[in-house]
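So the structure is just underneath, and the comments pick up after that.
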Amino acid sequence: MKNIPFTLLCIVFAHCLLSQEAASKKVQAGLIVGSGLNFQEMKTDYFSSGGPGSDLSLGMNFNFNFSETIGFCTGLEFDFSNTKYEANNALFYRFTDKEIIRKEDYEGSKNYGVLQLESRKDKSIYLSVPTMLLFRTKFIGYFRYFGKFGLRNSILLKTESFDIGNEYVTGSLLDNPQLNVNKENMTTKSNMFFYKGAIGIAGGVEWNFSGSTSLVGELGYYYGITPLYWERSADSDKLSLYQSGNNNGTGNDSYTPIKARQSQIMMKVSILF
């Protein structure tokens, strides 16, 4: 019984030492994994959102600590993201194999396949660099709490479209189509915008469970401030989706761009050393 107060004192003292070790570090680095939901706001009447998409994030984060309570968070993260939307009008595109043909690449002498688009899921890979100010409490035992505010910068590395629609095999819209055809891994040159920027705010908790090593959990909201797609004018030669001017898709076609913004809710877990 006499040893109980001494034991408790040792435990409290050990807690303080561990927290002080993490609190005094000028730089923390570690691995991060995150998942979340993407919400598309379509900026044109030609399309509507197909519901929330998903996002998986893997990478490294770095915290540069100016003081025990203020710091700067950055890193490198690979985001595996998807975007869903549906066509509200009778929109078509021409294709050969896995390539969607833009207006400038169309050759009248070729016999293209034609798809009347009903719905699309774009699967994209981004390289993201968060640039966020970090505000934290001091350690309370093993724990401290934080908030972040800043900008999330994402560079597009790759994107593919997974489409559902009615396929006109010969390229003539007078033929009977194959209904509800799945077109997978379709690519379109210069379709999605190369940069995605979002203003974000996040909060969470850091658990210093061993020496200077911490487990961190956070929840954040990111509001997109840049377009997801190139918002070109309707007469641009870079567009691929069109409304047919007559019944064979080779006449006075009217092209349209895709316009959208994206917001995200993301939950992340990381180990910092």
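Numbers for residues simply follow the sequence, beginning at 1.
The environment of CZ in F162 is crowded: more than 12 heavy-atom neighbours from other residues, nucleotides or ligands sit within 6.0 Å. Within 6.0 Å of NZ on K98 lie more than 12 heavy atoms contributed by other residues, nucleotides or ligands. Remark: D45 CG is loosely packed, at most 12 non-hydrogen atoms of other residues, nucleotides or ligands lying under 6.0 Å away. Environment of CZ in F78: sparse, with no more than 12 heavy atoms of neighbouring residues, nucleotides or ligands closer than 6.0 Å. Other residues, nucleotides and ligands contribute over 12 non-hydrogen atoms within 6.0 Å of the CE atom of M42.
Ion pairing between a basic and an acidic side chain is recognised when a charged N comes within 4.0 Å of a carboxylate O; E206 and R144 show such pairing.
At least one test fails for K103 against the ring of Y242: distance under 6.0 Å to the centre or angle within 45° of the axis.
Here NZ of K25 is found 14.5 Å from CD of E68. Values are rounded to the nearest 0.5 Å. The CG atom of N63 sits 11.0 Å away from the CE atom of M132 when rounded to the nearest 0.5 Å.
When all heavy atoms of G224 and R261 are compared, the pair lying nearest together is O-CD, 4.4 Å. Annotation for G75 and F62: closest pair CA-CD1, 3.9 Å, computed over non-hydrogen atoms. The two residues F95 and L115 make their nearest non-hydrogen contact at CE2-N, 4.0 Å. Listed here is the closest heavy atom pair of F47 and P257: CE1-O, 3.9 Å. Residues D79 and R152 approach most closely at OD2-NH2, 2.8 Å, considering heavy atoms. When all heavy atoms of F273 and G30 are compared, the closest pair comes out as CD1-CA, 4.2 Å.
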Q: Decide side-chain contact (heavy atoms from CB on, under 4.5 Å) for L156 and F193; before the verdict, give the C-alpha distance in whole Å, the side-chain angles of both, and the deciding distance to 0.1 Å.
A: CA-CA 8 Å; L156 180 66; F193 198 57; over 6 Å; no
Q: Apply side-chain contact (heavy atoms from CB on, under 4.5 Å) to K196 and L228, showing your working.
A: CA-CA 7 Å; K196 182 172 68 174; L228 275 179; 3.7 Å; yes
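Formation of a donor-acceptor pair under 3.5 Å by the N82 side chain with backbone atoms of S54 is found in this model. Of the possible polar contacts, one joining the T137 side chain to the Y145 backbone as a donor-acceptor pair under 3.5 Å is found. With S161 contributing its side chain and D163 its backbone, the two residues share no donor-acceptor pair below 3.5 Å. Without hydrogens or angle criteria, S67 side chain to I70 main chain gives a donor-acceptor distance under 3.5 Å.
The distance between the ring centers of Y112 and Y106 falls below 6.0 angstrom.
Side-chain contact, D122 with S124: no donor N or O sits under 3.5 Å from an acceptor N or O. No donor-acceptor contact under 3.5 angstrom links the side chains of Q28 and N61, judged on distance only. T159 and N191 form no side-chain donor-acceptor contact under 3.5 Å, judged by distance and modelled atom types alone.
Exactly one of K189, K238, R232 qualifies for a salt bridge (Lys or Arg N to Asp or Glu O under 4.0 Å) with E104. That residue is K238.
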